[in-house]
Amino acid sequence: MADTAATAGAGGSGTRSGSKQSTNPADNYHLARRRTLQVVVSSLLTEAGFESAEKASVETLTEMLQSYISEIGRSAKSYCEHTARTQPTLSDIVVTLVEMGFNVDTLPAYAKRSQRMVITAPPVTNQPVTPKALTAGQNRPHPPHIPSHFPEFPDPHTYIKTPTYREPVSDYQVLREKAASQRRDVERALTRFMAKTGETQSLFKDDVSTFPLIAARPFTIPYLTALLPSELEMQQMEETDSSEQDEQTDTENLPLHISTVGPAFSLLHSTHKTHPCCPQPVTLRSRHDLPRASGFVSGTCVMGS
Amino acid sequence: MPPTGLEPARMNRKKGDKGFESPRPYKLTHQVVCINNINFQRKSVVGFVELTIFPTVANLNRIKLNSKQCRIYRVRINDLEAAFIYNDPTLEVCHNESKQRNLNYFSNAYAAAVSAVDPDAGNGELCIKVPSELWKHIDELKVLKIHINFSLDQPKGGLHFVVPSVEGSMAERGAHVFSCGYQNSTRFWFPCVDSYSELCTWKLEFTVDAAMVAVSNGDLVETVYTHDMRKKTFHYMLTIPTAASNISLAIGPFEILVDPYMHEVTHFCLPQLLPLLKHTTSYLHEVFEFYEEILTCRYPYSCFKTVFIDEAYVEVAAYASMSIFSTNLLHSAMIIDETPLTRRCLAQSLAQQFFGCFISRMSWSDEWVLKGISGYIYGLWMKKTFGVNEYRHWIKEELDKIVAYELKTGGVLLHPIFGGGKEKDNPASHLHFSIKHPHTLSWEYYTMFQCKAHLVMRLIENRISMEFMLQVFNKLLSLASTASSQKFQSHMWSQMLVSTSGFLKSISNVSGKDIQPLIKQWVDQSGVVKFYGSFAFNRKRNVLELEIKQDYTSPGTQKYVGPLKVTVQELDGSFNHTLQIEENSLKHDIPCHSKSRRNKKKKIPLMNGEEVDMDLSAMDADSPLLWIRIDPDMSVLRKVEFEQADFMWQYQLRYERDVVAQQESILALEKFPTPASRLALTDILEQEQCFYRVRMSACFCLAKIANSMVSTWTGPPAMKSLFTRMFCCKTCPNIVKTNNFMSFQSYFLQKTMPVAMALLRDVHNLCPKEVLTFILDLIKYNDNRKNKFSDNYYRAEMIDALANSVTPAVSVNNEVRTLDNLNPDVRLILEEITRFLNMEKLLPSYRHTITVSCLRAIRVLQKNGHVPSDPALFKSYAEYGHFVDIRIAALEAVVDYTKVDRSYEELQWLLNMIQNDPVPYVRHKILNMLTKNPPFTKNMESPLCNEALVDQLWKLMNSVFFGIIGLSKYRPASSRSALIPQHSSGCDGTPTTKPQWSMELAWKGTGKEQSPLEMSMHPVATAPLSVFTKESASSKHSDHHHHHHHEHKKKKKKHKHKHKHKHKHDSKEKDKEPFTFSSPASGRSIRSPSLSD
């Protein structure tokens, strides 16, 4: 009967085709069980007088048997739980069989029939162990005001901050170098992209790709683009008030904000600048993202030190 | 207010009209201008004017008025139809059949044509016959009201329409129109007496779309909607008597800003620019306060309006109670370089409000007084606002300009007096044009005229003191102010006109000083003084023997007799000596105060009382002289070439506190490439207290010296370590600090130094690799994120620096320039230029300064043979629709290409643009650039110099409206370019400080073998109407207007079929006529039948 319960437990995971090679211990367990059931079916067929059977029919019968046993297990479990127990008793099984329309009384006779075949017990395989959840550190004991029956605290890593101690890049020269080359790369990539996707002019008749110039396009109202500050500049102006314009010293390792997203995004943003004559709504509103981001990065750096 | 003639006004010249005699047989008292329809699509205007006049003679039967290009439908005098004739001789200056094609002939014909319609001679294009019914009325000298219906179609001048071709209504498109012109050119947009001396009161009415705003002179009395609410009429009233030439108009969908400091001042700008307008005009009230304070006189008009418009004719145009500015003067708070320039424009226009608009001139020969006073008080404003250094520097700059011009071209005469018409005595015989009339002048000449006028005012101030000077101005203003509030009948209005004699009289009354010699020298006579000075120290006598020679035989010079100040800095202090320059005395002995005693360690007192320690080891042991300056106060219009030893110049540079002296010594040190000069210049560069402009010019001088002493130069390239110390990070000297332009002085220095460094050359005459890498690093590490100001000018100058570093390519067998044989340095430069130019498309910089610099740099690369010479790129940037600065830079490159490659195609392309471009400034500028950098010169073999071109140019000269010239106040696209000296490779893209005005080369005789292009230095600025040249003499005037229309509708018609077409067209024209008039004159030839017989 223990076997039945085990089968019932495995029933939920559904059937698996035996052909599939798997190395998982749990899968091996299921396969072994299934093989035992097949042996049972085959011996019952032999008992019934069959000499041979197609594989498909054996499979089908195995499936039916497995389903039947699973159902007995499931049902028995329900009955047992119905009576507020955790372990099924014999009577639970009996009630189950009755419920399924099985005449229980015939069972002892059938069990003792003479022509029955005895099959060897399946090799004992261990129930697969579910890997233990990773525990890190000592679980915290309950504080006195919490009764002990309450669940334990979860693992400490789930609720305790674990600051990283990565060394921030602090060499001014490297930072400037990085900022400069990143900006340059972004600008280059962006202009090349614009040049590739649009009309271009070239200084060399035979080569249009090495120094592509985005074609000059006249504006209908040229003074607007020439006079109005770009959005990038506006944003810069708002950010920079005169107090920030103190004497800069390069010695104090300014935590420069290096982010590929920053300049690239703002550049892209400004390409969306509305054409003066056909106003389009500006969809990208990145103005607040940039300062926040930089503030955040510098904030963590401070924490780290 | 129109004085409704109660009493026939007798000309009363005894009391009011002191010295002023009107050239007209009538006096104008009031004029109504009513424009009731403005069509932006067709660029047309319909309206009427009504002039109220009083005859001053009994037999007045013809009235001459000014009107150009207007189509006149009907004239009525006191409601009676009047016959009229319209004749504009300037439309066809030389008749076509003429075989004589030379400048003299043209100039004479043109001068004759202009004076034939000159209002100051009582002439006009429009001659109205007074109906005989009114003769009796006139005999009683009773008032006449002349009512003229007119229209204007596609005006070529006077009014400029800007109509962007986008979707939407005219207001949404930002379409606008404004009046413009050079001197008195109001006749281009309505009939009037177009003279500065005929004052009257005004009523101005403009009916415009409800979404538009009309801005005009005087007080806005009311705005009235039409019944359908789609239009409104602006009523302006100007009660201060004003000349028609000072009337203006601007209509557009303006955004309006009432000045927060002065509620009577209103500012107008085009849509979307309001934030810029707010910032730009936030300073104006200080200018107001300054002028009102020094003149002790309130601003004369009850209101003031500033209008900022696109495609401006000139950057600043001042009219009565209103100034029209170029919209490109607007800037945000982030822009450094434009701010002082714009403020100067504002101050200039305001100065002209007092002198020029409120006070007008009696005649053309009195123009210098107005220009002089307004320029002079503008200078006082400069001194107060930007400091004495800036002021003195400016005066020196202006002085250098006028001296260079006069020495090159010939004298500029401020007060021309025209005698009995003897052409032999013509004071301006060296010029190719008459100076009798403002409209025949060259634009350049007029610019210099204004420059000289204010300098002469300064000389007068030197003579009579500023206090008296301001008293004189105050007197002029209060007289005018009193007169302006009087009624016409009091005959006081002429006191609002200034004349040379009145001004001089006022000076002598106020100051009690006789300035006649000064006036005679600088006003009645042209030319400047050229001094050559040298000295010797006589040790025995302890006397400085100064020799001062003059050159007064070269053109543009004059002899100077009178006092001359000489300042001698000795060991014991600075001493002023006034020498008397006389006819034959060249040598002057000046006693020295100090014995040479350099052993005693004593501080040396300077002119300003300061005492300094000096290292005297450099000086001559026997002489106590440190340096000598001739005319340090610039109280003579002169050029001084003075010889003193190099160490004296070095002392002068280090220790003389006058910026002009420092500037002069820097110029002189160029000739002394020694380590000592190098040290003096480096010290100046480092000195924070030193005036930034001096430091900037020290940069260029240092570069020149370094190049001269390249073989002995030690250490890193000039200025490199200096720049590193000042602007680079302490820990990593190859990286520039993140930009911080809070200190403008160091900003300008930071901008300039790399530009000067790029001019350094090594022994192979190449730019040192180290310098190029340095500049490329500056560009690479440029970081403006923390800066309060825009770095667009800075980046533009970095590109200029790259361009300056370019040297001619080494070319083998004239191989074709391809990418493969590209110099690796040039490849780096091109990489930067490409990136910058492309980034401009995504993130445009203010006024596109970076594009401008990139285009110039590309032309430099082309000229030096690194990149194939090709005008295609420039031509695309020169098209209409680009920002004007870009266009000018591109056109400059095309002009240069035309010259270098002798390209006929490009010359034709340019000439075509001269005729057809919608922007007058661009048309003018192309001609200007062609004369400065001519495709070929006299006696030069060129395939471009052929007969066809002569024909073309002659036609062009004869077919334009000449009146519209003089973009006098327009500075070059980018004034900073004046800082960049010429490249060693000769002519390049950047304008030079000295205009190459090639007068001498111009046509004198006959003949087609001479350079025809030189003719275009004539003020041929605008508006070609090529059709008129082909008109035969017989049909000359009768059908101008029909053909005018005809041309515009049908583009080019073959003139052979002219007459056939004319008739057909006439009938068409009648049907099409959008406005119906019941007048007999309507739909007919404008020559009225009643007059023609």
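Note that these values count all heavy atoms, side chains included, but never hydrogens, waters or copies made by symmetry. Chain A is the first sequence line, chain B the second, and so forth, proteins listed ahead of strands; every chain is numbered from 1. Just so we're clear, the structure is a prediction, and the values are computed from it rather than from any experiment.
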**Message:** If you count heavy-atom pairs within less than 4.5 Å of chain B, which of A/Lys205, A/Glu177, A/Arg192 leads?
**Reply:** A/Glu177
Considering all heavy atoms, the nearest [X]-[Y] contact:
X	Y	result
B/Tyr880	A/Pro218	O-CB, 3.7 Å
B/Tyr877	A/Ile214	OH-O, 4.1 Å
B/Lys841	A/Ala215	CE-O, 3.6 Å
B/Cys732	A/Tyr172	SG-CD2, 3.8 Å
B/Thr834	A/Pro212	CG2-O, 3.2 Å
B/Leu273	A/Leu224	CD2-CD2, 3.8 Å

Do [X] and [Y] touch side chain to side chain, with heavy atoms closer than 4.5 Å?
X	Y	answer
A/Thr210	B/Arg827	yes
A/Gln173	B/Ile735	yes
B/Arg847	A/Leu227	yes
B/Leu842	A/Glu187	no
A/Phe204	B/Leu830	yes
B/Asn838	A/Met194	no
A/Phe211	B/Leu822	yes
A/Leu203	B/Asp870	no

**Request:** Side chain from CB out, backbone as N, CA, C, O: work out which of these in A/Gln201 comes under 4.5 Å of a heavy atom of chain B, or both, or neither.
**Result:** side chain
**Message:** Between A/Arg217 and chain B, with a heavy-atom cut-off of 4.5 Å, which part of the residue counts as in contact: side chain, backbone, both or neither?
**Reply:** backbone
**Prompt:** What orientation do B/His848 and A/Phe219 show, parallel under 30°, tilted 30 to 60°, or perpendicular over 60°?
**Reply:** parallel
**Message:** Working to the nearest 0.5 angstrom, can you tell me the gap between A/Ile221 CD1 and B/Arg173 CZ?
**Reply:** 9.5 Å
**Request:** Output the distance between atom CD1 (B/Ile779) and atom CZ (A/Arg184), rounded to the nearest 0.5 Å.
**Result:** 7.5 Å
Which bit of [X] comes within less than 4.5 Å of chain A, counting heavy atoms only: side chain, backbone, both or neither?
X	value
B/Val163	neither
B/His882	both
B/Glu172	neither

**Item:** Sidechain-backbone polar pair: B/Asp783 side chain, A/Arg176 backbone, donor-acceptor under 3.5 Å
**Value:** no
**Prompt:** Ignoring hydrogens and geometry, is there a side-chain-to-backbone donor-acceptor pair from A/Arg183 to B/Lys780 under 3.5 Å?
**Reply:** yes
**Fill in**
Answer key: most heavy-atom pairs under 4.5 Å with chain A among B/Asn792, B/Leu270, B/Leu330 is B/Leu270
**Item:** Partner chain A: residue of B/Ile858, B/Asn784, B/Thr851 with the largest heavy-atom pair count (under 4.5 Å)
**Value:** B/Asn784
**Request:** Apply salt bridge (Lys or Arg N to Asp or Glu O under 4.0 Å) to B/Lys278 and list each qualifying residue two or more places apart in sequence or on a separate chain.
**Result:** none
**B/Phe744 atom CZ, over 12 foreign heavy atoms within 6.0 Å** = yes
